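First the structure, which I've put down as structure tokens, then a few questions once you've had a look.
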Amino acid sequence: MSTDLTRLDVSALTGLLTSGEVSAVEVTRAQLDRIASDDARLGAYLHVEGEAALTAAAAVDRARAGGAEPGPLAGVPIALKDVIVTEGVPTTSGSRILEGWRPPYDATVAARLKSAGTVLLGKTNMDEFAMGSSTENSAFRPTRNPWDADRVPGGSSGGSSAAVAGHLAPWAIGTDTGGSIRQPAALTGLVGHKPTYGSVSRYGLIAFSSSLDQAGPMARTVLDAAVLHEAIGGYDPRDSTSIDAPVPGLVAAARDGARGDLAGLTVGVVTELGGDGHRDGYDDGVLARFAEAVAVLTDLGADVRPVSCPSFDLALPAYYLIAPSEASSNLARFDGVRFGIRVGDDGTHDLDEVMALTREQGFGPEVKRRIILGTYALSSGYYEAYYGQAQKVRTLITRDFTAAYAGVDVLVSPTSPTVAWPIGARVEDPIAMYAADLCTLPASLAGVPAISVPCGLSEGLPVGLQVMAPGLADDRCYRVAAALEAAQDAARGHRLLDELVAA
Amino acid sequence: MSSLSRAEVAHLARLARLAVTDEELDRFAGQLDVVLAAVARVGEADVADVPPTSHVVPLTNVFRPDEVTPSLPRDVVLAGAPAAEDDRFRVPRILGEEQ
């Protein structure tokens with residue numbers, strides 16, 4: 001057939017697969033061919049499941065040929081961020097310290113996707129242990145932005161964003177601690193959603209900052225993201241912070257939103273995120289696209305008003321104390337005893353020295369910086385001034401959200417203050433790198449859901465709009481994002497990603 | 001707010017079991033001093049009577065039935081270890097020569 005299967009949305013792919021017009025093997029082979037031809041340039045994958053993916057796809061085809069219906073997602077390929085543990089499949093979290101490790105079990109997210117019959121294409125590149133905003137902190141290689149190969153794809157889920165935007169996977173799983181799904185989605189013209197904290201299982205996610213980490217979907221359309229979110233979400237007894245509540249109808253919300261009627265919805269535009277008096281560090285082009293998108297929401301019937309959340313100004317310093325503190329504790333498990341590499345075990349060093357040598361060689365500079373900062377923030381004499389104070393600021397941020405949601409249904413902001421920047425531009429300046437997370441950090445700290453949806457181009461590069469909703473109201477994110485997507489696609493006559501293909 | 005000296009960074013690295021090089025110490029001390037100055041802004045917040053948030057999900061203890069379920073197979077787990085011996089993780093000696 002002449003259709004390029006790698007260009008199809010998942011909703012189109014599932015139709016062709018279930019009707020039998022294409023086989024799972026054909027779809028998987030098309031993706032693997034595409035990876036073989038394009039990934040040397042993009043660097044999206046750390047590991048590709050060649051033959052294993054074809055074997056899994058063939059099993060789906062056999063089941064369908066035998067009259068069994070293995071489920072609507074069976075045979076759809078998927079890529080997983082390498083922070084997600086996969087049984088027998090190399091998993092490094094972007095770090096040398098786990099090089100060569102093949103985990104003995106599946107993360108719940110991976111297990112659910114496997115039982116739905118999806119075909120694992122491979123594991124995507126990421127900043128080491130998800131610490132970064134550009135994927136340049138990967139211990140293995142940088143990933144490039146499909147829109148401009150000299151620019152970053154965002155991070156830390158930059159392998160997933162480059163894979164999906166570059167058509168090396170129809171969709172992917174990312175994880176978001178301070179913006180690592182939403183920001184790379186924004187920088188590559190994708191939809192990316194960070195679910196309510198606790199609503200998607202963390203079992204089998206290699207922990208960075210446990211009170212913030214959350215896995216979620218990255219896709220080319222809002223509808224595809226909703227389908228993927230429903231497939232992975234819901235209560236998991238293996239995660240002690242998992243919320244035992246039904247997942248709201250996300251696919252239904254996306255379909256409802258796409259009808260384009262937002263009458264009765266109130267939208268708050270957060271002043272502190274790019275509004276009056278808070279425009280330092282924001283690209284003019286990003287603010288212009290954002291303002292146009294907000295005007296579209298008004299046209300669709302939403303009641304739009306400014307909302308002030310004063311504590312959001314302190315989200316960045318609070319986050320860069322809380323996350324490194326939790327990381328310094330979580331990363332203590334990498335001691336060269338149970339998994340990964342070991343350095344210096346030649347009979348001349350004791351256990352303590354072997355641990356220090358292993359961690360020195362296994363961790364990259366950003367991971368070391370954060371471990372040292374976190375160790376400092378938690379140490380006696382400084383704990384109250386740094387970690388304790390940051391936790392109290394976290395309470396103030398949550399209170400700002402609660403007050404805002406008393407008056408509006410959702411909050412909106414740009415997803416990222418800037419478009420994708422040149423590779424290398426921020427590597428030696430941690431503060432400049434951290435500023436990329438300015439808009440995404442408040443929702444992370446409060447544990448509320450937030451989605452990024454494309455809203456146009458600036459300097460030929462994608463811009464994202466973020467929709468934040470109250471905890472467990474993820475459906476509102478999908479509804480508003482779908483309404484904006486449908487209206488802008490109709491107005492320009494094609495999807496934003498089509499401009500990448502044409503370029 | 002205090003700043004981070006090279007000697008303090010060396011001490012913290014030791015606490016965190018990181019055998020950092022002299023070159024790294026020079027680089028990290030400067031970078032971490034800048035980062036610390038930036039994050040110290042949390043001190044600007046008026047947080048009198050504000051309780052800390054350690055976690056956004058209200059946590060209560062959860063009980064489950066005390067049923068035996070299989071663990072991961074020992075050989076599979078040990079296969080991922082850098083060194084194993086006699087069905088156990090093998091580690092270097094724990095005490096230094098002088099002890």
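Predicted model, so just to flag it, every value in this text is computed and none were measured. First the proteins, then the strands, lettered A, B, ... as listed; each starts at 1.
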Output side-chain donor-acceptor pairs under 3.5 Å for residues 396-403 of chain A, partner residues at least two apart or in another chain, one line each.
residue, atom, partner, partner atom, Å
A:Thr398, OG1, A:Arg394, O, 3.0
A:Asp400, OD2, A:Ser311, N, 2.7
A:Asp400, OD2, A:Ser311, OG, 3.3
A:Thr402, OG1, A:Thr398, O, 2.9

Considering only heavy atoms, which portion of A:Tyr319 lies under 4.5 Å from any heavy atom of chain B: side chain, backbone, both, or neither?
neither
A:Ile243, part contacting chain B, at a heavy-atom distance under 4.5 Å:
side chain
Honestly, the part of A:Ser240 sitting under 4.5 Å from a heavy atom of chain B is backbone
Side chain / backbone / both / neither for A:Tyr434 at chain B, heavy atoms under 4.5 Å:
side chain
Taking side chain as everything from C-beta outward and backbone as N, CA, C, O, which of these in A:Arg102 sits under 4.5 Å from a heavy atom of chain B? Side chain, backbone, both or neither.
neither
Name the region of A:Pro365, side chain, backbone, both or neither, that has any atom closer than 4.5 Å to a heavy atom of chain B.
both
For a 4.5 angstrom cut-off between non-hydrogen side-chain atoms, does A:Leu351 reach B:Pro92?
yes
Chain A contacts: which residues in residues 63-76 of chain B have a non-hydrogen atom closer than 4.5 Å to it?
B:Leu72, B:Val76
Sort A:Ile372 into side chain, backbone, both or neither according to what part of it lies under 4.5 angstrom from a heavy atom of chain B.
both
Looking at B:His55, is its backbone amide N or carbonyl O close enough to the side chain of A:Ser211 to form a donor-acceptor pair, meaning the two atoms are under 3.5 Å apart?
no
May I ask you to list the residues in residues 328-337 of chain A that approach chain B closer than 4.5 angstrom, counting heavy atoms only, ordered by number?
A:Gly336, A:Val337
Test side-chain hydrogen bond (donor to acceptor under 3.5 Å, both in side chains) applied to A:Ser93 - qualifying residues, sequence neighbours left out:
none
Whatever's closer than 4.5 Å to a heavy atom in chain B on A:Glu428 counts as both
Side chain, backbone, both or neither: which part of A:Leu445 has a heavy atom under 4.5 Å from chain B?
backbone
Can a donor-acceptor pair be found, under 3.5 Å and without considering hydrogens, that links the side chain of A:Arg338 to the backbone of B:Gly80?
no
With only heavy atoms counted, which part of A:Thr348 is less than 4.5 Å from chain B, the side chain, the backbone, both or neither?
backbone
Tell me, for B:Leu32 versus chain A, whether the close heavy atoms (under 4.5 Å) come from the side chain, the backbone, both or neither.
side chain
